[in-house]
Amino acid sequence: MPSASDSLIEDIEDMVSSGDPTPHERQSARKNIMPRSRKRKELPSNEELQAESLIPGTQKVWMKTWGCSHNSSDGEYMAGQLAASGYKMTDDPTEADVWLLNSCTVKNPAEDHFRNSIKKAQDQQKKVVVAGCVPQAQPRMDYLKGLSIIGVQQIDRVVEVVDEAVKGHSVRLLGQKKDGGRKLGGARLDLPKIRKNPLIEIISINTGCLNACTYCKTKHARGDLASYPIEELVERARQSFQEGVCEIWLTSEDTGAYGRDIGTDLPTLLWKLVEEIPDGAMLRLGMTNPPYILEHLQEMAKVLNHPRVYAFLHVPVQSASDSVLMDMKREYCIDDFKRVVDFLKERVPGVTIATDIICGFPGETEEDFQETVELVKHYQFPSLFINQFYPRPGTPAAKMDQVPAHVKKQRTKELSQVFHSYSPYGHKVGERQHVLVTEESFDTQYYVAHNKFYEQVLVPKRAEFKGKMIEVDVYEAGKHFMKGKPVEDSTPFTPSISAPLLKGEVSGLKQKQGAAAADPTLSIGSYRPDREVLRKLWIGVALAAAILALIVEKLY
């Protein structure tokens with residue numbers, strides 16, 4: 001926890017320039033330092049050496065991420081950069097020197113967990129760095145005072161911020177990345193990252209959105225739409241498959257709006273990505289709001305029918321009442337949503353449509369709510385995310401007349417009962433399916449696979465199945481899953497074009513290290529450093545050598 005004497009740096013550029021040594025150059029320089037042996041001196045009994053705390057990059061970092069897959073992708077990039085710079089990522093928060101907390105601002109409970117984690121870290125005298133949508137949207141919150149902040153557009157500078165936090169400085173980077181006045185999609189896609197699951201690559205195709213929903217706090221953090229160029233996204237997918245990934249998730253605040261700011265669209269991107277997907281590997285689309293997918297229904301149906309694309313789409317409806325949708329400023333009516341669902345169900349047989357519903361939005365009447373209940377009964381969505389409304393500070397919905405808490409709770413309970421009243425997978429018992437095995441179940445008793453419709457199928461936990469496409473016979477069905485028995489005569493198919501990275505291994509370094517070996521003027525962090533960069537690199541080496549010499553002098 002920062003003390004009163006800790007210095008506050010409004011922008012880290014006051015201390016670090018673009019020409020300073022990169023994290024990779026700094027780490028490489030450390031390896032070449034040879035301290036001289038000196039005569040050992042006796043240390044006073046009350047003197048404690050704290051060498052690690054003096055040298056950023058030697059500490060252990062624990063990271064916690066809340067929220068959506070976009071946030072998860074940001075967390076993977078931050079972990080990768082820290083590990084590439086020398087920091088050790090740990091799963092044990094008690095042994096960590098620094099806690100990096102990557103927040104979500106969608107619901108009150110998520111922010112409550114985030115705030116409680118900050119207090120817990122401070123109670124344990126940990127250095128704290130916060131990231132994600134909460135500090136980006138409300139950096140002046142009392143409980144964030146004195147903490148270092150990484151904005152959602154600044155995750156490529158996480159090493160600099162953590163370095164300064166280790167030294168006791170408070171740094172806040174919240175700026176918007178732009179190129180010639182145009183908003184960029186965010187940090188580069190070729191940054192080092194540590195995938196939470198080495199078999200799954202999460203790619204953010206754009207940041208922000210075009211909507212202004214009255215309940216949404218994420219818009220305050222992520223801002224307006226900014227899309228990555230198609231060629232950069234295709235290259236990221238290509239690299240992922242070269243590192244053994246067999247499943248790609250596309251994510252953003254609204255994938256359907258992709259490309260509107262750069263003169264392209266989602267189907268164009270998807271067809272380019274499909275060309276890169278190896279046989280047996282799969283692509284999963286992220287959430288898309290109804291207004292933008294309506295324009296591309298024909299092409300989207302063709303894409304979802306492709307054998308290497310999951311026939312799955314997450315289309316949030318939020319309410320079946322046009323009156324409530326208008327108050328939410330969702331920019332569509334319930335008939336628009338039904339048109340999307342009906343069209344895809346007709347043209348993509350078996351397609352899975354997942355949706356979200358908010359119970360108890362301000363002004364929602366019992367009649368409004370019953371319209372939503374009837375919608376769920378009619379479509380029997382196999383994947384339904386039911387959320388009790390939480391007024392988020394600073395949003396227009398927080399100022400509206402609220403539905404009583406007990407009514408919101410009751411409606412949430414009633415809709416949950418409707419959802420649990422039907423079995424979406426019972427009719428599939430006895431089917432033979434091809435499934436891609438990518439994860440381990442929560443109880444660690446099974447491997448988790450998904451069929452063409454991204455329906456969860458539990459299979460025996462056999463090492464030879466992990467990362468493979470296998471054939472199974474479905475023999476049991478539950479509310480959220482099926483169980484499959486491997487077909488005896490079938491052979492697991494390996495979709496990856498190379499072996500996957502080990503858990504915790506940094507993505508992106510092998511390719512860049514290979515390039516550096518082919519051309520000695522290349523480095524991982526800065527591909528062609530000029531003379532000024534090299535000069536500053538040697539200054540950094542000299543400073544590091546001086547610090548180590550002082551430590552060794554005390555030891556000997």
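Just so you know, residue 1 is the first one in the sequence shown, and it goes up from there.
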Inset, instruction - Check the pair R195 / E243 against salt bridge (Lys or Arg N to Asp or Glu O under 4.0 Å), numbers first and verdict last. - result: CA-CA 11 Å; R195 298 185 184 96; E243 294 178 335; 2.8 Å; yes
Inset, instruction - Please answer whether the main-chain N or O of V317 pairs with a side-chain N or O of T355 as donor and acceptor at a distance below 3.5 Å. - result: yes
Inset, instruction - Check for a donor-acceptor pair, side chain of T90 on one end and backbone N or O of D92 on the other, with a separation under 3.5 Å. - result: yes
Inset, instruction - Locate the shortest heavy-atom distance separating S103 from V134; write the atom from each residue and the value. - result: OG-N, 3.1 Å
Legend entry - ring pair (Phe, Tyr, Trp, His ring centres under 6.0 Å) partners of Y422, counting only residues at least two apart: F419
Legend entry - Over all atoms of both residues, closest heavy-atom pair of C133 and A221: O-CB, 3.5 Å
Legend entry - S73 side-chain N/O to S69 backbone N/O, donor-acceptor pair under 3.5 Å: no
Legend entry - Smallest separation among heavy atoms of A281 and F241, with atom names: CB-CE2, 3.9 Å
Legend entry - Short side-chain donor-acceptor distance under 3.5 Å, T65 and N71: no
Legend entry - K483-Y446 side chain donor-acceptor pair, cut-off 3.5 Å: yes
Inset, instruction - Please report the closest heavy-atom contact between P492 and E464, naming both atoms and the distance. - result: CB-O, 4.3 Å
Inset, instruction - For residues R238 and V234, determine if any side-chain heavy atom of one lies less than 4.5 Å from a side-chain heavy atom of the other. - result: yes
Legend entry - Under the salt bridge (Lys or Arg N to Asp or Glu O under 4.0 Å) test, residues paired with D336 that sit two or more places apart: none
Legend entry - Backbone of C209 reached by a side-chain donor or acceptor of K219 within 3.5 Å: yes
Inset, instruction - Would you indicate whether the side-chain heavy atoms of K461 and E440 approach each other to under 4.5 Å? - result: yes
Inset, instruction - Indicate whether the side chain of Y87 and that of D97 have a donor and an acceptor atom separated by less than 3.5 Å. - result: no
Inset, instruction - Look at atom CD of E95 and say whether more than 12 heavy atoms of other residues, nucleotides or ligands are closer to it than 6.0 Å. - result: yes
Inset, instruction - Establish, from distance only, whether the side-chain atoms of D443 and S441 form a donor-acceptor pair under 3.5 Å. - result: yes
Legend entry - Inter- and intrachain pairs under salt bridge (charged side-chain N to carboxylate O under 4.0 Å, His left out), touching residues 280-291, at least two apart: none
Inset, instruction - Measure the shortest side-chain to side-chain distance between Q81 and L191 over non-hydrogen atoms and say whether it is less than 4.5 angstrom. - result: yes
Inset, instruction - Would you check if W62 and K64 make a side-chain contact, meaning some heavy-atom pair closer than 4.5 Å? - result: yes
Legend entry - Non-hydrogen atoms of L375 and F381 that approach each other most closely: O-CE1, 4.1 Å
Inset, instruction - State, with a plain yes or no, whether a side-chain heavy atom of I248 is found less than 4.5 Å away from one of E201. - result: yes
Inset, instruction - Tell me, yes or no, whether the heavy-atom count around K479 atom NZ, taken from other residues, nucleotides or ligands under 6.0 Å, exceeds 12. - result: yes
Inset, instruction - Would you kindly say whether K107 and N387 are connected by a side-chain donor-acceptor distance under 3.5 Å? - result: yes
Legend entry - Where V429 and E476 come nearest, the two heavy atoms and their spacing: CG2-C, 4.1 Å
Inset, instruction - May I ask you to decide if V152's main-chain N or O and Q136's side chain share a donor-acceptor pair within less than 3.5 Å? - result: yes
Inset, instruction - Answer yes or no: is there a side-chain heavy-atom contact under 4.5 Å between T288 and V315? - result: yes
Legend entry - Y332 and R339: side chain donor to acceptor below 3.5 Å: no
Inset, instruction - Measure from the ring center of H314 to the ring center of F385 and say whether it is less than 6.0 Å. - result: yes
Legend entry - Contacts of type side chain to side chain contact (heavy atoms under 4.5 Å, CB included), residue K377, not counting sequence neighbours: V373, E374, V418
Inset, instruction - Kindly indicate whether the side chain of T438, heavy atoms from C-beta on, has any atom under 4.5 Å from the side chain of V448. - result: no
Inset, instruction - May I ask you to decide if the ring planes of F114 and W66 are parallel, tilted or perpendicular, using 30° and 60° as cut-offs? - result: perpendicular
Legend entry - Side chain N197, main chain L199, donor-acceptor under 3.5 Å: yes
Inset, instruction - Answer yes or no: is there a donor N or O on one side and an acceptor on the other, between the side chain of E505 and the main chain of L502, under 3.5 Å? - result: yes
Legend entry - pair S507-L501: side-chain heavy atoms closer than 4.5 Å: yes
Inset, instruction - Determine yes or no for a side-chain-to-main-chain donor-acceptor pair under 3.5 angstrom, with Q59 supplying the side chain and G57 the backbone. - result: yes
Inset, instruction - Run the numbers on R222 and D74 for salt bridge (Lys or Arg N to Asp or Glu O under 4.0 Å), then give the verdict. - result: CA-CA 12 Å; R222 298 282 183 180; D74 286 352; 3.1 Å; yes
Result block: side-chain N/O donor-acceptor pairs under 3.5 angstrom for residues 303-312, not counting sequence neighbours:
{"unit_1": "N305", "atom_1": "ND2", "unit_2": "A301", "atom_2": "O", "d": "3.0"}
{"unit_1": "N305", "atom_1": "ND2", "unit_2": "R347", "atom_2": "O", "d": "2.9"}
{"unit_1": "H306", "atom_1": "ND1", "unit_2": "R308", "atom_2": "N", "d": "3.0"}
{"unit_1": "R308", "atom_1": "NE", "unit_2": "I277", "atom_2": "O", "d": "2.9"}
{"unit_1": "R308", "atom_1": "NH1", "unit_2": "D279", "atom_2": "OD1", "d": "3.1"}
{"unit_1": "Y310", "atom_1": "OH", "unit_2": "E247", "atom_2": "OE1", "d": "2.6"}

Inset, instruction - Sort and list the pairs that fulfil side-chain hydrogen bond (donor to acceptor under 3.5 Å, both in side chains) and have at least one residue in residues 253-274, not counting sequence neighbours. - result: H70-E253, S227-D261, D254-N289, R260-E295, D265-T268, W271-E299
